[in-house]
Amino acid sequence: MSQPPTLHVSSHPAILHKLAVLRDVATEPKKFREVVRELSWLLGYEALADVQVRPRTIRTPIEEMEAGELADRIGLVPILRAGLGMVDAMLELMPTAEVWHLGLFRDERTLQPVEYYNKLPDSATVDLCLILDPMLATGGSATAAIDVLKKWGAARIKLVNLIAAPEGVAAVAAAHPDVEIHCAALDRQLNEKGYIMPGLGDAGDRQFGTGKAG
Ligand code: PRP
Ligand code: URA
């Protein structure tokens, strides 16, 4: 399957190394959360490479110079629950970002997203929204989140995932060809239960120690 030009899969060695730890069934929740955070930082660094910067005059101990400061207002939109683990790292990168929580879970039977929480204000307050969710499986949750953000008035949206399935990438690209997708890995396919293969199991359960992974 050819991939859309909006898909960016990182090939950085640090990301490959951390992904192996994340995927490993023996990795406990504490370590899993640490690695989600570290991978989020690295992916965020790549996803934010094209944000707008404006000049700012500062004085170093030696002389005055024209430096830069972030001009774009960034909105982080973690998809509850699993996206929560990606927020802190992104806030370290972009301390002035706003965080808007969106609660979506995937109905286990239909695999359709169900919205249960939305903390967005009436109209868009940011220039660029980063949707944070470790997993892009069928793409139902991501597509629903993008729909919500576009109705809200978001001008630019990027999706940041740790692991994506080709099915999810195709669904997002078909519904929202303007949305860039940044991920650490593009895996093989979904299984009959809609889990990514080889994947890492259930990203929410593995972060929060609930349920059974896989
Ligand atoms: C997971 C994941 C995504 C969604 C991806 O969330 O974090 O939000 O599934 O699947 P999709 O691409 O097929 O929609 P889940 O519904 O398990 O909720 P949780 O984060 O509360 O565990
Ligand atoms: N959600 C997860 O947490 N993992 C998958 O493999 C698919 C959806």
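Both ligands and their constituent atoms are indexed starting at 1 by order of listing. For the numbers below, each heavy atom of this structure counts, side chains included, while hydrogens, waters and symmetry mates do not.
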Numbering the atoms of ligand 1 from 1, which are under 4.0 Å from a heavy atom of Arg106? 10 (O), 11 (P), 13 (O), 14 (O), 16 (O)
Should we say atom CG of Asp122 is surrounded by more than 12 heavy atoms from elsewhere, each under 6.0 Å from it? no
Numbering the atoms of ligand 2 from 1, which are under 4.0 Å from a heavy atom of Ala137? 7 (C), 8 (C)
Count the heavy atoms of every other residue, nucleotide or ligand shown that sit under 6.0 Å from CD of Glu108, and state whether that count exceeds 12. no
Does Tyr45 OH have over 12 foreign heavy atoms under 6.0 Å away? no
Give yes or no for whether the N/O distance cutoff of 3.5 Å, strictly under, is met between Ile196 and ligand 2. yes
Are Val99 and Ile131 linked, directly or through intermediate hydrophobic residues, by side-chain heavy-atom contacts shorter than 4.5 Å (ILVMFWY only)? no
Measuring from Glu34:CD to Phe32:CZ, what's the distance to the nearest 0.5 Å? 12.0 Å
Does an N or O from Asp133, backbone or side chain, lie closer than 3.5 Å to an N or O of ligand 1? yes
Yes or no on side chain to side chain contact (heavy atoms under 4.5 Å, CB included) for Leu76 and Leu132, after CA distance, side-chain angles and deciding distance? CA-CA 7 Å; Leu76 304 176; Leu132 310 179; 4.2 Å; yes
Could you please spell out the steps behind the salt bridge (charged side-chain N to carboxylate O under 4.0 Å, His left out) verdict for Asp205 and Arg81? CA-CA 9 Å; Asp205 284 345; Arg81 315 166 278 170; 3.0 Å; yes
Return yes when Leu111 approaches ligand 1 closer than 4.0 angstrom through a heavy atom, no otherwise. no
Classify the ring geometry of Tyr116 against Phe105: parallel below 30°, tilted from 30° to 60°, perpendicular beyond 60°. tilted
Is a salt bridge present between Lys158 and Asp50, judged by a nitrogen-to-oxygen distance below 4.0 Å? yes
If you measure from CG on Leu200 to CD on Gln207, what distance do you get to the nearest 0.5 Å? 9.5 Å
Any N/O of Gly201 closer than 3.5 Å to an N/O of ligand 2? yes
Any nitrogen or oxygen of Ala203, side chain or backbone, less than 3.5 Å from one on ligand 2? yes
In this structure, atom 8 (C) of ligand 2 is nearest to the protein heavy atom Arg106 NH2, 3.5 Å
Taking distance alone, with N or O pairs closer than 3.5 Å, would you say Gly204 contacts ligand 1? no
Return yes or no for this condition: an N or O of Ala142 is under 3.5 Å from an N or O of ligand 1. no
Which part of Thr138 is near ligand 1, with near meaning a heavy atom under 4.0 Å away: side chain, backbone, both or neither? both
With a cut-off of 4.0 Å, which atoms of ligand 1 are near a heavy atom of Ala82? 7 (O), 20 (O)
Pair His12-Leu42, side chain to side chain contact (heavy atoms under 4.5 Å, CB included): steps then yes or no: CA-CA 9 Å; His12 196 288; Leu42 294 168; 5.7 Å; no
Check: Ser141 N/O within less than 3.5 Å of ligand 1 N/O: yes
Min heavy-atom dist Gly194 to ligand 1 below 4.0 Å: no
Is atom 6 (O) of ligand 1 close to the protein, meaning a heavy atom under 4.0 Å from it? no
Atom pair CD1 (Ile79) and CG (Asp133), whose distance is rounded to the nearest 0.5 Å: 6.0 Å
Between ligand 1 and Ala137, is the shortest N or O to N or O distance under 3.5 Å? yes
Atoms of ligand 1, numbered as shown, that sit under 4.0 Å from any heavy atom of Arg81: 19 (P), 20 (O), 21 (O), 22 (O)
Is it true that Gly194 lies under 4.0 Å from ligand 2, counting heavy atoms only? yes
Exactly one candidate in Thr125, Asp147, Leu102 meets side chain to side chain contact (heavy atoms under 4.5 Å, CB included) with Trp152; the answer is Thr125
For atom 17 (O) of ligand 1, what is the nearest protein heavy atom, given as residue, atom name and distance? Asp202 OD2, 3.9 Å
Just to be sure I'm reading this right: ignoring hydrogens, which of Met135, Lys193, Met197, Arg81 gets closest to atom 2 (C) of ligand 2? Compare them by their nearest heavy atoms. Met135
Kindly indicate whether atom 1 (C) of ligand 1 is approached by any protein heavy atom to under 4.0 angstrom. no
